[in-house]
Trainee: 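The structure under discussion is supplied below as structure tokens; questions concerning it will follow.
Source: prediction; values computed, not measured.
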Amino acid sequence: MTVPLEVHSCYSMLAGTAWPRRLVARAVEYGMRALALTDTDGLYGALPFYTAARDAGVKPILGARLGPWLVLARDREGYAHLCALITAVRLGTADASHLDAWPFAFDAEHLFLISDDTTALRRMAAKGFAPLAGIVHYGGAASRRRAEALLRAAKELGIKPVAARPVYFLDRTEYRLHRVLAAIRENTTEASLPDEAAASPEAWFCPPAHIERAYGAWPETLDTLAWVEEECNLELSMGTPLFPDFPLPEGETAFSWLWKQAFEGLRRRYQPLTPKILDRAHHELDVISELGFAPYFLIVSDIVRFAKTQDIPAVGRGSAANSLIAYALGITRADPFRHQLYFERFLNRSRRDCPDIDLDLCWRGRDQVLDYVYERYGADRVAMISTVNTFRARAAVRETAKALGFTEREIGPITRVLPHYGAEDLRLLLRALPECSRLRLDEEPLKSVIDLSEAVAGLPRHLATHACGLVIAPEPLTRYVPLERAARGIIITQFDKDPIEQLGLVKMDLLGHRALSA
């Protein structure tokens, strides 16, 4: 069955309109066996899409739109190449328009490169790589002429043409929402939006039969499309903890070293060591060993040890305080035995995800601790975690109204009374505010503003840096996740904390506290 290769979700920020789960639901509705997600400049929604597709029995194909190129991962190694490529483009060490000039070992065994730019295709073909000519055809004479010119170029270059009709919104009815998002992105109004700043009105998620009719004159493009779909088989390891290498004394395993460190700490904490304390310690260590989390406890205790050597106050918080082993290692300061704290609230045999120990650090010394982690594990294996900033009620109404041509003076009386939080039912919210009781929300022009604002509310807007999240990987991070630079210059992951945990990567929360500084 025909599947679109270029599909943009709302993680193509200020361009796509649909959440990944809606795209997957539509694919299921159409009876598709596979679906691609190729957001602009990144893999921001890749993990939510991947898990939703797998749960629905749809094969996920992951890729990204980078300048003139549509890049698809054929397998796990291709995914790692894709992450590295996106990182290079986002950090400015590669030009998406001239990937042929980047010293990256493009391997047709692991990646598909697709473009409708003849110049880019010629340059890449000259490098010995066999790209695919992406034939974009929405209908109409002008679109047909461009498609036929590209088909001739593909034949001349000896490369395969493939049907590549982009999708930016779920239904035709969402085209205006797409244009409003584009106007917000371009800081202009919908009426003044240049043609090239928005997709075609036909860039909706149409049924497979619709695509087959559109490309019926060029059956070879549909054959290549079926081949590409068949060749993309990406399997991501999900949920298995991926611990970085922790330096151990010769002859020690992570568990044996943890055992020794824990009992040394217990001897310091308790005089004398009673059978009940020892029983509790053995029980906790058995669970930690069975679940394979010994390296995690060593990593956290090492960070706390460094902080203490530098006179930087540090203390574990949350459910980690229920662990006697965490207390023995000096990670936490509340005695769980004395206060009868229940270990299973923190860790138990039914749990497979990595435990989460949050560390509060002196605000003044936090950066010193972060520097230590980067140095200890390698700058290419450590990064701050991102968080996705979304449109809240006030911003959704204000930005939508500006895109529709309203001035701040006209829309200000509404936006000033809206909260900065919340993105649900704007009409209900406005009707609940006495200041808005006289507004005619169901009459134009306010009706269009509110209708579109409700669709904009909650959509991703841009990445920001998580307040305290840090990820440490056993290999260069770009084997797992693309990186980019945040507004403050800090390098962050393109995945937020939930996908990072789904991949099994170690996440640390190192939070600076002014109270500890005081």
Side-chain angles (χ1 to χ4, degrees), residues 9 11-13 37-50 62-67 69 71-73 76-99 102-106 110-111 234 236-238 242-245 299 367 370-389 460-510:
S9 74
Y11 287 99
S12 283
M13 299 181 198
L37 186 71
T38 56
D39 284 319
T40 304
D41 292 336
L43 294 174
Y44 307 103
L47 261 291
F49 167 77
Y50 183 90
L62 295 184
R65 164 60 67 177
L66 298 172
W69 293 105
V71 188
L72 302 178
R76 179 61 181 84
E77 194 62 29
Y79 172 81
H81 285 191
L82 177 61
C83 289
L85 178 55
I86 293 169
T87 300
V89 171
R90 297 297 289 166
L91 296 183
T93 58
D95 183 351
S97 299
H98 295 83
L99 294 185
W102 190 43
F104 182 87
F106 286 113
H110 301 297
L111 287 175
L234 173 62
L236 293 178
S237 175
M238 305 285 283
L242 301 168
F243 296 111
D245 293 332
I299 292 166
D367 286 348
L370 291 176
D371 290 343
Y372 171 75
V373 175
Y374 275 87
E375 183 180 348
R376 178 79 154 163
Y377 297 100
D380 62 336
R381 303 181 182 207
V382 180
M384 299 301 294
I385 297 173
S386 71
T387 185
V388 180
N389 278 1
R461 187 170 189 177
H462 58 79
L463 289 192
T465 307
H466 191 277
C468 56
L470 181 85
V471 62
I472 310 171
E475 300 178 86
L477 262 170
T478 52
R479 287 199 58 81
Y480 305 98
V481 56
L483 309 175
E484 65 178 67
R485 203 176 304 279
R488 291 185 296 164
I490 297 173
I491 293 178
I492 59 174
T493 61
Q494 284 195 343
F495 296 168
D496 64 15
K497 64 180 182 64
D498 292 333
I500 289 291
E501 290 178 339
Q502 283 180 288
L503 285 174
L505 293 170
V506 172
K507 179 179 75 73
M508 307 288 300
D509 286 330
L510 306 179

Trainee: In Å and rounded to the nearest 0.5 Å, what is the CG to CD1 distance from Leu370 to Ile490?
Mentor: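 Answer for the CG-CD1 pair, Leu370 versus Ile490, is 8.5 Å.
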Trainee: Quick check: do Lys497 and Thr387 have side-chain heavy atoms less than 4.5 Å from each other?
Mentor: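 When only atoms from C-beta onward are counted, Thr387 and Lys497 do not touch, as no gap falls below 4.5 Å.
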Trainee: Would you say the side chain of Val471 lies within less than 4.5 Å of the side chain of Val382, judging by non-hydrogen atoms?
Mentor: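 Contact flag for Val382/Val471 side chains = no.
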Trainee: Please lay out, stage by stage, how Asp39 and Arg65 fare under the test side chain to side chain contact (heavy atoms under 4.5 Å, CB included).
Mentor: CA-CA 6 Å; Asp39 284 319; Arg65 164 60 67 177; over 6 Å; no
Trainee: Going by atom types only, do Asp496 and Ser386 share a side-chain donor-acceptor pair under 3.5 Å?
Mentor: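 Absent: no donor and acceptor within the cut-off.
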Trainee: Of all the heavy-atom pairs spanning Leu111 and Gly78, show the shortest one and how long it is.
Mentor: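 Shortest heavy-atom separation between Leu111 and Gly78 comes out as CD2-O, 3.4 Å.
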Trainee: For residues Pro476 and Arg381, determine if any side-chain heavy atom of one lies less than 4.5 Å from a side-chain heavy atom of the other.
Mentor: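 SC-SC contact between Pro476 and Arg381 confirmed.
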Trainee: Could you walk me through whether Leu236 and Leu234 pass the side chain to side chain contact (heavy atoms under 4.5 Å, CB included) check?
Mentor: CA-CA 6 Å; Leu236 293 178; Leu234 173 62; 3.9 Å; yes
Trainee: Are any of the side-chain nitrogens in Arg90 or Asp41 under 4.0 Å away from the carboxylate oxygens of its partner?
Mentor: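 Between Asp41 and Arg90 there is a salt bridge, with a charged N closer than 4.0 Å to a carboxylate O.
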Trainee: Is any side-chain heavy atom of Tyr480 less than 4.5 Å from a side-chain heavy atom of Pro499?
Mentor: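 A side-chain contact is absent here, since even the closest heavy-atom pair is not under 4.5 Å.
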Trainee: Under 3.5 Å, is there a donor-acceptor pair between the side chain of Thr38 and the main chain of Gly63?
Mentor: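 Side chain of Thr38 to backbone of Gly63: no pair is present.
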Trainee: Can you check side chain to side chain contact (heavy atoms under 4.5 Å, CB included) on Asp95 and Val89, steps first, answer last?
Mentor: CA-CA 6 Å; Asp95 183 351; Val89 171; over 6 Å; no
Trainee: Looking only at the side chains, is there a donor atom on one of Gln502 and Tyr50 sitting less than 3.5 Å from an acceptor on the other?
Mentor: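 Gln502 vs Tyr50: no donor-acceptor pair found between side chains.
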Trainee: Mind checking the OH-CG spacing from Tyr374 to Asp380? Nearest 0.5 Å is all I need.
Mentor: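 Interatomic distance, Tyr374 OH to Asp380 CG, rounded to 0.5 Å: 11.5 Å.
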Trainee: Heavy atoms, side chains only, cut-off 4.5 Å: are Leu43 and Phe495 in contact?
Mentor: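 They are in side-chain contact.
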Trainee: Which value, rounded to the nearest 0.5 Å, describes the distance between Arg479 atom CZ and Leu242 atom CG?
Mentor: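 Reported to 0.5 Å precision, the distance equals 11.5 Å.
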Trainee: Could you go through the side chain to side chain contact (heavy atoms under 4.5 Å, CB included) check for Ile491 and Met384 one step at a time?
Mentor: CA-CA 7 Å; Ile491 293 178; Met384 299 301 294; over 6 Å; no
Trainee: Please tell me if the side chains of Ile385 and Ile492 come closer than 4.5 Å, counting only heavy atoms from C-beta onward.
Mentor: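 No, every pair of side-chain atoms sits at 4.5 Å or beyond.
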Trainee: For Glu484 and Tyr44, which I'm curious about, is there any donor-acceptor pair between the side chains at under 3.5 Å?
Mentor: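 Note: Glu484 and Tyr44 side chains meet the donor-acceptor criterion.
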Trainee: Minimum heavy-atom separation for Leu82 and Ala73, please, with both atom names.
Mentor: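 Between these two residues, the closest heavy atoms are CD2-CB, 4.4 Å.
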Trainee: Minimum heavy-atom separation for Ala96 and Gly67, please, with both atom names.
Mentor: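 Heavy-atom minimum between the residues: CB-N, 3.8 Å.
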Trainee: Could you tell me whether the side chain of Tyr79 reaches within less than 4.5 Å of the side chain of His110, counting heavy atoms only?
Mentor: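 The answer is no; the side chains never approach within 4.5 Å.
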Trainee: Measuring from atom NZ of Lys507 to atom OG1 of Thr493, what distance do you get when rounded to the nearest 0.5 angstrom?
Mentor: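 It comes to 11.0 Å.
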Trainee: Within this structure, what is the CZ-CG distance for the pair Arg376 and Asp245, rounded to the nearest 0.5 Å?
Mentor: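 These two atoms lie 11.5 Å from each other.
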Trainee: Please table the atom pairs, donor to acceptor, closer than 3.5 Å between any side-chain atom in residues 460-470 and protein atoms at least two apart or in another chain.
Mentor:
| residue | atom | partner | partner atom | Å |
| --- | --- | --- | --- | --- |
| His466 | ND1 | Cys468 | N | 3.1 |
| His466 | ND1 | Gly469 | N | 2.9 |

Trainee: Would you indicate whether the side-chain heavy atoms of Leu505 and Leu477 approach each other to under 4.5 Å?
Mentor: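 They are in side-chain contact.
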Trainee: Using 0.5 Å steps for rounding, measure from the CD atom of Gln494 to the OG1 atom of Thr87.
Mentor: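 Going from CD on Gln494 over to OG1 on Thr87, the span is 6.5 Å.
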